[in-house]
Amino acid sequence: MLLLGLTSPPAAAQTEADSAETDVVPPKRELRAIWIATVANIDWPLQRNQTPTQYRRDYQKLLDVAQGAGINAVFVQIRPVSDAFYKSDLEPWSKYLTNQQGKAPADGQDPLPFLINEAHRRGMEFHAWFNPYRATMDSVRRTLAASHPLKRHPEWFIKYNGQYLYNPGMPEVREHITKVIMDVVRRYDIDAVHFDDYFYPYPEAGQTLHDEAAYRDYNPDSIPKLADWRRRNVDILIHDLHDSIQTAKRWVKFGISPFGVWMNKSKDFPEGSATRAGQPSYANLYADTRGWLQKGWIDYIVPQLYWSTNFRLCPYPVLVDWWAKNRFDRHLYIGHGMYRMLESTRSDTTWRNPRELPRQVRLNRSYNGEVAGSVFFSARSLVKNPLGTTDSLRRDLFLNPALVPTMPWKDAMPPAPVAQALLNRANAQITLTWQPGPAAPDGDLAAYYALYRFDADETVTPDDPRNIMALPRPAPGQAAVFVDTTAVPGQGYAYYITALDRLHNESRPVRLFTSGQLPMEVVQASAPPVAVATTQLPPAVEPEAATPSEAELVKIKVKEAEVKAKAKPKKKRGFFGRLFGGD
């Protein structure tokens, strides 16, 4: 992540930013994520010499805070400097984990499965964050492990601004980076591969990047301009990696978090944004992020818009609008500079306003799905709750759960509905159980479930996330159990249960409802007569019915008779009639 030093903002733009703070219905689908940076132990582990028990406990605490704030995805940096937070035969253990590069954890255990499982257990996606080209944070080589690629292949690297970097122009480098990442894709249950903004290095005054030999030796198309050749090198890596991921595991996403400005608008780049950024990614980092979106090489983009609504060189509203118009039907999430609210800076005093970050989230939502979510840098900032911002997320903006947006270009087929759903009511306690449905035609099974509850005095719509009670994620293939302890005795409720796959496609719901008129009820599920109005719903599929015992059948028939005897003629359809149709 690039931490920015900025100059003073104008005072006049405050009104425009305030106008973005309009009340909007919270979206049902929205990515809400944090970056967990491991380089220099920014976020986690808290120290380099922690025991495995300590760093696991701290990771769990971090995820608990994030879960409480409504976060549904974590971007965890597992390869900060050509090293590994997992067991690898290609690169050494990270010193940020064990305090010595190449040294394994004390218990000999690979921590990555634990990191992934803990995220999934809390209903969060796990995006494996790689820094592709950075090899060291300094120029000291004696502390590198013998297995570090710089020791094995020094010819692959360039020294620039006191660091060693991979040379992107060498085919062997691209092959190694792809091999490292695909090793993780194949061996671990990650949800996405994620890159940050470091491609070719940010230019530094008085520094020259010496890649002349690679330009001479690895330029088969004789590209005349060095800048175009460098962009081609990065293009090849992105294109080839996209294809490799899609072939290995079609459900694994590939996303990039670039510097927030692709290019400033000018006579040479009319497609650019109306900004005056000093380091646009296309020209300075040789990263054609807009082109990758246009060609479909990445699934999502998270531009780092760490500027406030009032910053005159790169105003937040201007850039959100530009990216929304240049996402080319791929997901756009915004990278927010939450850390800016912890700074004592005069460079952008708007960040001293506790309303600034909530205002940015509300502006994102005003684009009606064109901006599909937010990612906050970084986890440490979320924990510190700067200016009460984390509280604002927890109590207001992220109060209700949100499903992760779907990616129909990767998978548009939902899983089969749940099977054998049953409701058992004992006074105020309602227990719901169900079994996973069969595999969908594409082979996908349910990864987790959404449980909705409706009562008689609210508008019935499954598109309102306020109806979501829980997002249970039982062990694969296992039955699910949910106990609703908030039901009011004597009150009727309707429940929808839907299944969701790894890419968050949602099945047809099954329904369960209780009249609340009897102290004890046992109810089997049935399919609703019409599809739920969500973005990715298939034709109706009848779920497998439960087979109750003879004793249960007797109880059900007795209760039905009691309810029917008490029933009175109705001139209008009641609550459940409005919900499910019929009389």
For Lys325, is there an ion pair with Glu370 - N to carboxylate O distance below 4.0 angstrom?
no

Got a salt bridge between Lys249 and Asp191, using NZ or NE/NH1/NH2 to carboxylate O under 4.0 Å?
no

Are the side chain of Tyr59 and the backbone of Leu115 linked by a donor-acceptor contact shorter than 3.5 Å?
yes

Heavy-atom side-chain contact between Leu422 and Val523 under 4.5 Å:
no

Could you give the distance from CE (Met338) to CG (Leu357), rounded to the nearest 0.5 Å?
5.0 Å

Under 30°, 30 to 60°, or over 60°: which ring-plane class applies to His331 and Trp409, parallel, tilted or perpendicular?
perpendicular

In Å, rounded to the nearest 0.5 Å, how long is the span from CZ of Phe377 to CG of Asp196?
9.0 Å

Would you say that Thr498 contacts Arg508 through its side chain, given a criterion of any heavy-atom pair below 4.5 Å between the two side chains?
no

Decide yes or no on side chain to side chain contact (heavy atoms under 4.5 Å, CB included) for Val193 and Val184, but give the supporting numbers first.
CA-CA 9 Å; Val193 169; Val184 172; over 6 Å; no

Euclidean distance, Asn385 CG relative to Asp391 CG, rounded to 0.5 Å:
4.0 Å

What's the shortest heavy-atom distance between Glu91 and Ala84, and which atoms?
O-CB, 4.4 Å

Run the numbers on Arg174 and Asp240 for salt bridge (Lys or Arg N to Asp or Glu O under 4.0 Å), then give the verdict.
CA-CA 9 Å; Arg174 296 192 292 269; Asp240 291 353; 5.8 Å; no

Hey, are the side chains of Thr486 and Met469 touching, using non-hydrogen atoms and a 4.5 Å cut-off?
yes

Residues passing the salt bridge (charged side-chain N to carboxylate O under 4.0 Å, His left out) test with Arg56, sequence neighbours excluded, are Asp107

For Arg394, does the CZ atom have more than 12 heavy-atom neighbours from other residues, nucleotides or ligands under 6.0 Å away?
yes

Residues Tyr452 and Asp464: side-chain donor-acceptor under 3.5 angstrom:
no

Intermediate values then yes/no, side-chain hydrogen bond (donor to acceptor under 3.5 Å, both in side chains), Glu506 and His504:
CA-CA 6 Å; Glu506 188 171 25; His504 311 283; over 6 Å; no

Would Tyr300 and Leu31 count as a side chain to side chain contact (heavy atoms under 4.5 Å, CB included) here? Give the steps.
CA-CA 11 Å; Tyr300 69 80; Leu31 188 87; over 6 Å; no

Donor-acceptor side-chain pairing of Trp297 and Asp243 below 3.5 angstrom
no

Would you kindly say whether Asn364 and His336 are connected by a side-chain donor-acceptor distance under 3.5 Å?
yes

Between the side chains of Lys179 and Glu175, is the shortest nitrogen-to-carboxylate-oxygen separation below 4.0 Å, so that they form an ion pair?
no

Return yes if a side-chain donor-acceptor contact under 3.5 Å exists between His194 and Trp35, otherwise no.
yes

Ring-ring centroid check His120 Tyr448, cutoff 6.0 Å:
no

About how many Å separate OG1 of Thr514 and CG of Asn424, when rounded to the nearest 0.5 Å?
10.0 Å

Taking Glu30 for the side chain and Val404 for the main chain, is one N or O donor matched with an acceptor at less than 3.5 Å?
no

Considering the options Ile34, Asp43, Thr389, which one meets the side chain to side chain contact (heavy atoms under 4.5 Å, CB included) requirement together with Leu382?
Ile34

Within the 4.5 Å heavy-atom criterion, are Arg330 and Ile298 side-chain neighbours or not?
no

Between Phe195 and Phe254, what is the ring plane arrangement, given parallel below 30°, perpendicular above 60°, and tilted in between?
perpendicular

Flag the pair Lys410 and Asp299 as a salt bridge only when some basic side-chain nitrogen lies within less than 4.0 angstrom of an acidic carboxylate oxygen.
yes

So, do Pro358 and Val361 sit near enough that their side-chain heavy atoms are less than 4.5 Å apart?
no

Ignoring hydrogens and angles, state whether a donor on the side chain of Asn326 or Arg290 is under 3.5 Å from an acceptor on the partner side chain.
yes

Centroid separation Phe75 to Trp129 less than 6.0 Å:
no

Could you walk me through whether Ile78 and Phe126 pass the side chain to side chain contact (heavy atoms under 4.5 Å, CB included) test, one step at a time?
CA-CA 11 Å; Ile78 66 169; Phe126 187 96; 4.3 Å; yes

So, Asn505 side chain and Asp501 main chain: donor-acceptor pair closer than 3.5 Å or not?
no

State, to 0.1 Å, how close Ser507 and Pro417 come at their nearest heavy-atom pair, and which atoms those are.
OG-CA, 3.8 Å

Excluding sequence neighbours, so at least two apart, what forms ring pair (Phe, Tyr, Trp, His ring centres under 6.0 Å) with Tyr449?
Trp434

Which heavy atom in Gln77 sits nearest to a heavy atom in Phe85, and how many Å separate them?
O-CD1, 4.1 Å

The reported gap from CG in Leu332 to CG in Leu293 (rounded to nearest 0.5 angstrom) is 8.5 Å

Is it true that the side chains of Thr431 and Arg425 contain a donor and an acceptor less than 3.5 Å apart?
no

For the student: nearest non-hydrogen atoms of Ala419 and Pro436, plus distance
CB-O, 4.1 Å

Would you please classify the geometry between the Tyr493 ring and the Tyr495 ring as parallel, tilted or perpendicular, with 30° and 60° separating the classes?
tilted

Specify whether Phe398 and Phe376 have parallel, tilted or perpendicular ring planes, treating 30° as the upper limit for parallel and 60° as the lower limit for perpendicular.
tilted

Closest approach of Asp455 and Gln491, non-hydrogen atoms and distance?
CB-NE2, 3.4 Å

Would you name the heavy atoms of Leu397 and Arg32 that are closest together and state the gap between them?
O-NH2, 3.9 Å

Can you check whether Tyr496 and Phe454 have ring centres sitting under 6.0 Å from each other?
yes

Are Asp442 and Arg250 close enough for a salt bridge, meaning some N to O gap below 4.0 Å?
yes

Could you check whether any side-chain heavy atom of Val371 comes within less than 4.5 Å of a side-chain heavy atom of Ile334, counting everything from C-beta outward?
yes

With sequence neighbours left out, the residues meeting salt bridge (charged side-chain N to carboxylate O under 4.0 Å, His left out) with Asp189 are Arg502

Approximate separation, where rounding is to 0.5 Å, of Met407 CE and Asp329 CG
12.5 Å

